[in-house]
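Within every chain, numbering begins at 1; the chains are lettered A, B, ... in the order of the sequence lines, protein sequences first and strands thereafter. Small disclaimer: the values here were computed from a predicted structure and weren't measured.
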Amino acid sequence: MVSQLNPQQLAAVTTLDCPLLVLAGAGSGKTRVITEKIAYLVKHGTPAKHIAALTFTNKAAREMKSRVGKLLSDKDLRGLTVSTFHSLGLEILREEHAALGLKKNISIFDEHDRLALTKELIKHGSESWDIDEAESYIWRIGRWKNLFVTPERAILEGQGDAQPAAQLYAEYVRHMKSYNAVDFDDLILLPVLLFHEHAEVLDKWRNRIRYLLVDEYQDTNLTQYELVKLLTGKLGRFTVVGDDDQSIYAWRGAQPENLAQLQRDFPRLKVIKLEQNYRSTGRILKVANKLIANNPHVFEKRLWSALGYGDPLRVLTHKEEVAEARQVASDLLHHKFRHGTRFQDYAILYRSNHQSRLFERALREHAIPYFISGGMSFFGYAEIKDIMAYLRLLVNPDDDAAFLRVVNVPRREIGPTTLEKLGAYANRRHISLFSACFELGLQQSLGETAIQRLRHFAEWITDVADRAQRGDTFAVIDDFIVKIGYENWLRENSNSEDAARRKMGQVRELIDWLKRIAKEDEKEKSLTEVVSRIMLLDVLERNQEENAGDRVNLMTLHAAKGLEFPYVYLVGMEENLLPHQTSIEENTIEEERRLAYVGITRAQKHLTLSYCTHRKRHGEIMDCEPSRFLNELPEEELEWPERRALDPEQKKERAMDSFAAVRSLLNRS
DNA sequence: TTATCCAAGATTTTT
DNA sequence: TCTTGGATAA
């Protein structure tokens, strides 16, 4: 099986004596290299329990697990870690919580909880904080966490305008700790801090993970890189696989520079390039190479293919966005019938989610089945958040975010004023809202009825948590959802009976999902484990099952990374859309170019690009220019009838050409 | 405490 | 244009 690898892939798999960076171009078989390498390691004396492979998404981890499963026996696989960075972080935190001063029942705060906490802190805190800046403070705090900067350092080193955020950061950390909660960034940051401070703990983990593989390495941030360095130590027993041309998450803190940094930190680093592409035709790769050549590169790379040259790429021009959607839909349908393909062979890719609506409508008009990935997160639904908050509260009653979310849902006549006073009291005493409910001192700030209501709620939570702990956890959960009359509450708060039914369906789906997670793997999981596990999962896992069936794929370019389709439509190729307007303003064109590159390299056989000359934006019809990226593609590979001379240079060339043509005609006669 | 209206803002979103 | 959230009135 190893013999089927090409020479570069083989070298990547068998190189064990030095740290290794694999620069894997799009479609060059990087997942294959990682999975084969895990098998190779096991067969050459490293037990699976000492190997860890890290990915960014649960989906990638799942895929990798299943592929390794085909290469190794169950016995050989035992103890292998294939997980996301965040899951590994959670595992470390759970095992080492004591060293960090945390309790075992850790809550995970999502974006929403984070915002709620921040706003709460701003309201009760220093004058220098501005509630309207909440989002930007959060962004800054996240930045610091990703750059491995502690509050102390942020305060010391922060420039004047960063000071309020730095102060808030310190306060935020303090509160999170008292809630026994962590956010997504903490799942990486806290293990790193722990390893820095406790050499013996680090040793333990280094001994456990003796070989580390990292997928999509270009997407790591500084803290994640620090974690990799700590775990692998000076020996650098690792293989990281990445592609700087597919770095599209810099806006989320990813540092593609980590690729180059590796060479400086590990002088013995070996670099192997995978340049043979097994996905696309030669022509598609030529176009992609040409486009990405406009970006600066630390490592030069040139993809090639043995799959034949293929058809020219088409560029479709449309008058406006509705026409674009309709033409793409009918073009797709014609193509399907002419070539006898399946709907699932097609993908429509766009820059931003709102573009999907038009395509949905057009596909429906043509009775074409479709499937949208991404968009609304499962955890974006209020009913899911409510139930999750209840579950979190059962696991960890000190989780204030969860407490606030559900204390009055359904209505328990505990209004904002009561909560405000309770919050102020809890804040003074440095305790959670839940604990505050039981304190005698509360009588000074709150009336008797309010206190009674709060206590009643808190006691009820304690009681349910107790029962869930002792008895059949899920029976208790089913029971409390009925008990609180959640279904009725949904009915009262929905526009229609239909909507209420749908929402209740979602809740049931969540509970079923929880049950499934509790039972997966050999050992039964505790509610704590299930709840934190589910906080790290999202839409994708759910969509996984729904995606069955022969349907056209609709998704953003970000969501398309890692996927491939025989026929791809890359739509909305216009200035201000791709590249996105804000990217133009902030001058982050290179990342937009990579985004276009990712889109192009998804196509196996045929790629159609499309743009509009006019588009309605925020209700107003605007003129659109074709994307600069279209002009960067080699003209001879495109079928673009409407191509107009777009930049002055080309206009000049064009003019010269026709001038020459006329002259040669004249000369002939 | 809840319903309703109006203004503002509108990328991408692995966990 | 459409959604969301804040302010206001009942």
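Cation-pi geometry between A:K229 and A:Y225 is met: the NZ or CZ atom falls under 6.0 Å from the ring centre, inside 45° of the normal.
Comparing the P positions of B:dT12 and C:dG5 gives an interatomic distance of 16 Å, to the nearest angstrom.
Residue-level contact check: A:D110 touches neither bases nor backbone, having no heavy atom under 4.0 Å from any strand. Across all strands shown, A:T582 has heavy atoms under 4.0 Å from base atoms, whether or not it also approaches the sugar-phosphate. Using a 4.0 Å heavy-atom distance criterion, A:R351 is classed as a base contact.
Nucleotide B:dA10 holds its C1' atom 13 Å from the CE atom of A:M622, rounded to whole Å.
Both geometric conditions, a ring-centre gap below 5.5 Å and a plane tilt below 30°, are not fulfilled together for A:F56 over the base of B:dT15.
Along DNA chain B, the nucleotide nearest to A:T418 and the one nearest to A:S583 differ in position, and the one closer to the 5' end is contacted by A:T418.
For the pair A:N553/A:I348, no side-chain contact is recorded, criterion being any heavy-atom separation below 4.5 Å from C-beta on.
Of the candidate nucleotides B:dT11, B:dT14, C:dT3, C:dT3 has the atom nearest to the side chain of A:R357.
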Atom pairs, protein N/O to nucleotides 3-9 of chain B N/O, distance under 3.5 Å:
none

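In this structure, A:N353 reaches the B:dT12 phosphate: one of its side-chain N or O atoms is under 4.0 Å from OP1 or OP2. Phosphate contact (OP1/OP2 of B:dT11, side-chain N/O of A:R252, threshold under 4.0 Å): absent.
Shown here are the side-chain hydrogen bond (donor to acceptor under 3.5 Å, both in side chains) partners of A:T220, two or more places apart in sequence or in another chain: A:N258. The side-chain hydrogen bond (donor to acceptor under 3.5 Å, both in side chains) test applied to A:R252 returns no partner, not counting sequence neighbours.
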